[in-house]
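What's counted below: heavy atoms across the whole structure, side chains too, no hydrogens, waters or symmetry copies. By convention in this document, chain letters (A, B, ...) are assigned in the order of the sequence lines, proteins followed by strands, and residues within each chain are numbered from 1.
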Number of protein chains: 2
Amino acid sequence: MRIPRTTIHRLSIYLRCLHDLREEKSETISSEKFASLVGVKPTQLRKDLAYFGQFGTRGRGYDVDKLASGIVRILGTGKIRKVAIVGVGSLGSALLSYRGFSKRGFEVAVAFDMKAGKIGRRSRWPEILPATRMAAEIKKRGIKIAVIAVPATAAQKVADKLVAAGVRAILNFAPTRLFVPRGVSVESVDLAMGLEGLAYSLKSRGRSQ
Amino acid sequence: MRIPRTTIHRLSIYLRCLHDLREEKSETISSEKFASLVGVKPTQLRKDLAYFGQFGTRGRGYDVDKLASGIVRILGTGKIRKVAIVGVGSLGSALLSYRGFSKRGFEVAVAFDMKAGKIGRRSRWPEILPATRMAAEIKKRGIKIAVIAVPATAAQKVADKLVAAGVRAILNFAPTRLFVPRGVSVESVDLAMGLEGLAYSLKSRGRSQ
DNA sequence: TTATAATTGTGAAAAATTTCACAAGATGAG
DNA sequence: CTCATCTTGTGAAATTTTTCACAATTATAA
Ligand SMILES: NC(=O)c1ccc[n+]([C@@H]2O[C@H](COP(=O)([O-])OP(=O)(O)OC[C@H]3O[C@@H](n4cnc5c(N)ncnc54)[C@H](O)[C@@H]3O)[C@@H](O)[C@H]2O)c1
Ligand SMILES: NC(=O)c1ccc[n+]([C@@H]2O[C@H](COP(=O)([O-])OP(=O)(O)OC[C@H]3O[C@@H](n4cnc5c(N)ncnc54)[C@H](O)[C@@H]3O)[C@@H](O)[C@H]2O)c1
């Protein structure tokens, strides 16, 4: 059965919310309350979960812990996944220092840059290596996920090298389309696109929202 | 007529691609070539545009310049829109120094932070003001779009203040849901969510892609 | 134990979105 | 001018996604 892309997207949102609920020591929650918390319809939440099995108890709701670990299992973020970042400019640096990824099951294991000045090891930061060692290190460490934070003009070449080195999933911040072989996934984050969406809803307020 | 959210999203992608085509001095392009460039079906591209009128010439295709300005008009990014950034931490700093927004019709006009050390004026950066002056400055400058780059725990309070000051659209980087009144739009960018999507496709390669 | 209330899981209906198929308009060669 | 070719715009069909409605299951109180 084909699972909608949007369902996977929402699963992430559910998981984030479950983390918060866990911190508040909630044990169980009904689809109704949970849905209103994340901002979807209860039936949608139940249908999203139903694609993957049964997670709740009729008459009671969902066990927060159990549901969280269920979604983690679905997403495949159960054991920590190593991530490489390519491009340690202003955005890459922000990502390197970000503590939020580890909570979600990702470890930034290493970063690469082509400029000599960026190379080295700072306390509490992942090691930054020269871009020339990229292929070898990624192979050696068995890294499957990479983040591209280089200028758009360099992004495709970097992607090609990453794929050749065994990377199977790329989070791309460069504002350009990446062409990759079948079997490799790309998610692109274009911040200007977010602003354009907002500009549009600003223009057509009332109609679109 | 209701326009799909995804259509607006794709319009941004089309526009980015048109910018590139313009730099390559292409004059016209058919929906077929254009679609293969951005990675959608030609009929989808034509349908997306058809929501807003007629932009092409039968037998010839689309005039690159004309289509670009058409999409700009649809999105409402024709005249530069001023944007405020709240939170000048590692991510906020990256956004402040980013030169890519102005090409898309946005100007980061001002930033705010609560820590005294962040306040001031650096060359080529927008002015950074204390958070206490946020409401007054946003009102004074008539800013309608803001970016939230503060910790998740502070995000809702910041959003409330922004809305009270007249902001109508928020790009939110904090990993939390923002509750805002009707008529205010929020786009959230959760980078961990991008990674989770990738982890999933890694797990279920072949099926989902 | 039995009745009542709560809440999930799910097939079917509804709504939204994408794709198709082709008429209509434009171009260019002869 | 005419014909063959190209390519858009669009109503209709197909597909996908969301929502509904309710049977099934569990909890709880009497
Ligand atoms: N900074 C932002 O806020 C922001 C926002 C949206 C999008 N982006 C995009 O993210 C990307 C990075 O942005 P940035 O502001 O950090 O740019 P930047 O110029 O500050 O950093 C780019 C880094 O990549 C390195 N680099 C260049 N080519 C490389 C290669 N082939 N291999 C390894 N390293 C290489 C450079 O040495 C530099 O350190 C760009 O594509 C940009 O458009 C940035
Ligand atoms: N850094 C990243 O790569 C990254 C990635 C994904 C998400 N995020 C999210 O983006 C947000 C910012 O991340 P960061 O790494 O830049 O954090 P940071 O701690 O480096 O910066 C936060 C800044 O916000 C300021 N601040 C706090 N409360 C404020 C308030 N009420 N008003 C004004 N300013 C206030 C702080 O003084 C600080 O300068 C966080 O919510 C984080 O989860 C960051």
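- In this structure, CD of Gln44(B) is placed 5 Å from P of dT19(C), rounded to the nearest angstrom.
- One can place CG of Leu49(B) at 14 Å from C1' of dT7(D), the figure rounded to the nearest angstrom.
- The local environment of CD in Glu27(A) is sparse, with at most 12 non-hydrogen atoms from other residues, nucleotides or ligands closer than 6.0 Å.
- Following rounding to the nearest Å, Lys66(A) (NZ) and dT8(C) (P) show an atom-to-atom distance of 14 Å.
- Spacing between atom CZ of Arg5(B) and atom P of dT18(D) amounts to 15 Å, rounded to whole angstrom units.
- Of the candidate nucleotides dT26(D), dT10(C), dG25(C), dT10(C) has the atom nearest to the side chain of Ala50(A).
- Two residues, Lys33(B) and Lys47(B), neighbour DNA chain D, and the one matched to the more 5' nucleotide by heavy-atom proximity is Lys33(B).
- If you measure from atom CG of Leu45(B) to atom P of dT19(C), you get 12 Å, rounded to the nearest angstrom.
- Two residues, Gly59(A) and Thr43(A), neighbour DNA chain C, and the one matched to the more 5' nucleotide by heavy-atom proximity is Gly59(A).
- Residue-level contact check: Arg60(A) touches the backbone only, with heavy atoms under 4.0 Å from sugar-phosphate atoms and none from bases.
- Here the side chains of Ile145(B) and Val167(B) are not in contact, with every heavy-atom distance at 4.5 Å or above.
- At dC6(D), none of the side-chain N or O atoms of Tyr62(B) fall inside 4.0 Å of OP1 or OP2 (strictly under the cut-off).
- For the residue pair Thr28(A)/Asp63(A), the side-chain donor-acceptor check at 3.5 Å is not satisfied.
- If you measure from atom CG of Asp48(A) to atom C1' of dT16(D), you get 14 Å, rounded to the nearest angstrom.
- Checking the phosphate oxygens (OP1, OP2) of dT10(C), a side-chain nitrogen or oxygen of Gln54(A) falls inside 4.0 Å.
- Distances from the side chain of Arg2(A) to the nucleotides dT8(C), dT17(D), dT17(C) place dT17(D) closest.
- Residues Asp48(A) and Gln44(A) have side chains that never bring a donor and an acceptor to within less than 3.5 angstrom of each other.
- In this structure, Arg46(A) places its CZ atom 16 Å from C1' of dT17(D), rounding to the nearest Å.
- For Lys41(A) and dT19(D), the shortest distance from a side-chain N or O to OP1 or OP2 is below 4.0 Å.
- In this structure, CG of Asp63(A) is placed 13 Å from P of dT8(C), rounded to the nearest angstrom.
- Side-chain N/O atoms of Ser31(B) include one lying less than 4.0 angstrom from OP1 or OP2 on dT8(D).
- Distances shorter than 4.0 Å separate some side-chain N or O of Arg10(B) from OP1 or OP2 on dT18(C).
- Listed nucleotides dA24(D), dT8(D), dT18(C) differ in distance to Thr6(B); the shortest reach to its side chain belongs to dT18(C).
- For Glu196(B) and Lys203(B), the salt-bridge test fails: no basic side-chain N is under 4.0 Å from an acidic carboxylate O.
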